[in-house]
Amino acid sequence: MAIESDVLVVGGGLAGMASAVAAAREGATVRLVSHKKTTLRQASGLVDALGYVPSRDSAVEGTDYVSQERADFREVRSNRDAYRGPLVRPTDGFDDLPADHPYSLVGESALRDGLALFDDLAGDAYLGGHTERNALVPTFGGAVKPTARYPRAAAAGLASDDRPMLVVGFRSFTDFDARMLADSLEAAGVPFPVAGVEVEFAEEFRADAPVTRIAKALDHDERLDGTPARRALADAVKPYVDRAERVGFPAVLGDDRADAVRAALSERLGVDVFEIPMGPPSLPGLRLEDRLYDALDAEGVLYETGNPVVGYETDGDSGHVDAVLVDRKGREVPYGADSFVLATGGLVGKGLDSDRTAVREPVFDCRVPQPSDRYDWFVDDAFGAHPYARFGVEPDAEMRPLAADGTPEFGNLYAAGAVVGGADAAREKSAAGVSLATGVVAGRNAAKRLGD
């Protein structure tokens, strides 16, 4: 017999979790099935909504970071294809998006609802919910990223703040170059003096020690060569603070007790302390993942990870999905539901398969619009606007994937997140916003089918 629920979500990333919670809040019993751990742990932990859109005309070089708070932010050229941004507000760019973009389908209200849902789930760990404006957050590569929500741990590092900044790196962290980051920020025209320095601290750990090991040492204030870890780090940095009023570290400042770690360092250094998001593995991403799993528990969503969905069953007449087939140690187990949400991710997340002939959606075999000639999938410029970046299923306004004739593939199947086509999320800085907006719409519509 099939394992039953009202709504079954396939995929456990941000879009899947948003869909599951949105459906549960409509009164549905919800189960979430995910093959692997979420990609949140590989992400920065920032929640981007929309930072850049195709430019309407020639953009102005240079950025006035402080003026973002005064609503007169200048347009800049973000890449070779003249994208416009950073946008003051994510919704400022909606009119410039293509008709098949997810935001064009679900509208501004869906993004606002998605961000409101995120604010509720993330609680006081994230900031930005007091305004519809993007914040500008420095990243470990030296870029300044427009984002709608950011961890409280990153708050003191905003580029719209004109206080002098010191960026601290560790000599054993080759992926975080504090001096290069400081130089890149200066070159970007930030309105504050910024310096970078590398100190000895992570050398106390094995060369292959994960960032979680360093975070744990700071969480528990372990003794390093006889000195508590927080004091040891503060002592290493103190001689370089000089006139800086805020100090940024790579995002390793604790996990379970991150607030206490930052507070202790701030007190010892006499300045505000903040974290700069790093590449994977990402502690901000792991912290967010923990919060969202707690939210699933609180909403009564059942979830399981580790078993892939390998197919589906229909009755052949109704045009509805009856069940998905989950591979559990070689045995295909049916999971039935009244409605289903596909939230498996895009090409990067393996929610779409590709070879030299085609790009496919592997679970329900939904149509993925694409040029028949694979040489039309990309452009010659490595940094250009590659068509494949926008590949995905084509949904209607209810987020139901459409067949070639424009009718829903299945009457009770909805899609959310990166598996939905139309967005060039990496260039637009829109990935999280698209996941939240489409997730809320898909989850609500899936739940509303109950009793139909």
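This structure is a prediction, so every number in the text was calculated from the model and none was measured. Heavy-atom basis, side chains included; hydrogens, waters and symmetry copies ignored.
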Please answer whether the main-chain N or O of Pro371 pairs with a side-chain N or O of Trp377 as donor and acceptor at a distance below 3.5 Å. yes
Are Glu222 and Arg213 ion-paired here, with the side-chain N under 4.0 Å from a carboxylate O? yes
Kindly assign one of parallel, tilted or perpendicular to the pair Tyr126 and Phe118, based on the angle between their ring planes and the thresholds 30° and 60°. perpendicular
Would you indicate whether the side-chain heavy atoms of Leu253 and Leu233 approach each other to under 4.5 Å? yes
Tell me if a side-chain donor or acceptor on Thr147 pairs with a main-chain N or O of Leu46 at a distance below 3.5 Å. no
Between the side chains of Asp100 and Arg390, is the shortest nitrogen-to-carboxylate-oxygen separation below 4.0 Å, so that they form an ion pair? yes
Kindly indicate whether the side chain of Phe170, heavy atoms from C-beta on, has any atom under 4.5 Å from the side chain of Val199. yes
Work out which heavy atom in Val190 is nearest to a heavy atom in Ala159; give both atom names and the distance. CG1-CB, 4.5 Å
Sub-4.5 Å side-chain heavy-atom contact between Asp48 and Ser430: no
Begin from the C-alpha positions of Arg171 and Glu198 and carry the test salt bridge (Lys or Arg N to Asp or Glu O under 4.0 Å) through to its verdict. CA-CA 6 Å; Arg171 289 174 185 165; Glu198 292 183 351; 5.2 Å; no
Check ion pair Asp113-Arg444 (N to O, under 4.0 angstrom): yes
Polar side-chain atom of Ser5 near backbone of Val30 as donor-acceptor pair, under 3.5 Å: no
Backbone N or O of Gly128 within a donor-acceptor pair of the Arg133 side chain at under 3.5 Å? no
Between atom CE of Met17 and atom CG of Leu121, what is the distance when rounded to the nearest 0.5 Å? 10.0 Å
Does this structure show an ion pair linking Arg231 with Asp221, if we count only N-O contacts that are shorter than 4.0 Å? no
Any chance you could measure Arg230, atom CZ, to His220, atom NE2, to the nearest 0.5 Å? 9.5 Å
Measure from the ring center of Tyr103 to the ring center of Phe94 and say whether it is less than 6.0 Å. yes
side-chain contact (heavy atoms from CB on, under 4.5 Å) between Lys429 and Leu50: does it pass, once the steps are laid out? CA-CA 5 Å; Lys429 309 305 179 194; Leu50 185 65; over 6 Å; no
If you measure from CZ on Arg449 to CG on Asp6, what distance do you get to the nearest 0.5 Å? 11.5 Å
Determine whether a donor-acceptor pair (N or O, by modelled atom type, separation under 3.5 Å) exists between the side chain of Asp219 and the backbone of Gly254. no
Salt bridge check: are Arg84 and Asp96 linked by an N-O gap of less than 4.0 Å? yes
Min side-chain heavy-atom separation Leu286-Leu40 under 4.5 Å: no
Any Lys/Arg nitrogen of Glu26 or Lys448 sitting under 4.0 Å from an Asp/Glu carboxylate oxygen of the other? no
Six-ring centre of Tyr83, Arg427 cation under 6.0 angstrom, axis tolerance 45°: yes
So, Asn412 and Ser339: side-chain donor and acceptor under 3.5 Å apart, yes or no? no
Take Val273 and Phe249 through the side-chain contact (heavy atoms from CB on, under 4.5 Å) test and state the conclusion after the steps. CA-CA 8 Å; Val273 168; Phe249 293 85; 3.8 Å; yes
Does the side chain of Arg367 reach to within under 4.5 Å of the side chain of Glu409, using non-hydrogen atoms? yes
Contact summary for Gly157 and Arg246, nearest pair of heavy atoms: C-NH1, 3.4 Å
Could you please spell out the steps behind the side-chain contact (heavy atoms from CB on, under 4.5 Å) verdict for Leu224 and Phe201? CA-CA 9 Å; Leu224 304 178; Phe201 174 71; 3.6 Å; yes
Quick one: do Asp259 and Arg152 satisfy salt bridge (Lys or Arg N to Asp or Glu O under 4.0 Å)? Show the steps, please. CA-CA 9 Å; Asp259 289 347; Arg152 182 177 294 275; 6.0 Å; no
Considering non-hydrogen atoms only, spot the tightest contact between Ala28 and Val7 and give its length. CB-CG2, 3.9 Å
What I want to find out is whether Asp124 reaches Arg291 closely enough, with some N-O distance under 4.0 Å, to be called a salt bridge. yes
Minimum heavy-atom distance between Met180 and Gly141, given as atom pair plus value: CE-O, 3.9 Å
If the threshold is 4.0 Å, N to carboxylate O, is there a salt bridge linking Arg89 and Glu108? no
Answer yes or no: is there a side-chain heavy-atom contact under 4.5 Å between Thr212 and Pro281? no
Taken to the nearest 0.5 Å, the spacing of Thr305 OG1 from Tyr303 OH works out to 8.0 Å
When you measure from the side chain of Glu428 to the backbone N and O of Asp424, does any donor-acceptor pair fall under 3.5 Å? yes
Got a donor-acceptor contact below 3.5 angstrom from the Glu245 side chain to the Val271 backbone? no
Shortest non-hydrogen contact from Cys366 to Glu361? N-OE1, 3.0 Å
Val106 and Leu111: side-chain contact (heavy atoms from CB on, under 4.5 Å), yes or no, with the steps? CA-CA 8 Å; Val106 300; Leu111 175 58; over 6 Å; no
Using atom types as modelled and distance alone, determine if a side-chain donor or acceptor of Asp177 lies under 3.5 Å from a backbone N or O of Arg179. yes
Any side-chain heavy atom of Leu347 sitting closer than 4.5 Å to one from Val359? yes
Are any side-chain N or O atoms of Asn134 and backbone N or O atoms of Gly51, one a donor and one an acceptor, separated by less than 3.5 Å? no
Closest non-hydrogen contact found for Ala15 with Gly417 is CB-CA, 3.5 Å
Do side-chain atoms of Thr438 reach the backbone of Val434 as a donor and acceptor pair under 3.5 angstrom? yes
Quick check: do Asp120 and Arg25 have side-chain heavy atoms less than 4.5 Å from each other? yes
Could you check whether Asp396 pairs with Arg400 (Lys NZ or Arg NE/NH1/NH2 to Asp/Glu carboxylate O, under 4.0 Å)? yes
Salt-bridge test for Asp119 and Arg149: reply yes if a basic N is under 4.0 Å from a carboxylate O, no otherwise. yes
Please report the interatomic distance OG1(Thr344) to CG(Leu352), rounded to the nearest 0.5 Å. 6.5 Å
Answer yes if the ring centres of Tyr388 and Phe378 are under 6.0 angstrom apart, and no otherwise. no
Sidechain N-carboxylate O distance under 4.0 Å for Asp353, Lys350: no
To the nearest 0.5 Å, what is the distance between OG1 on Thr29 and CG on Leu302? 8.0 Å
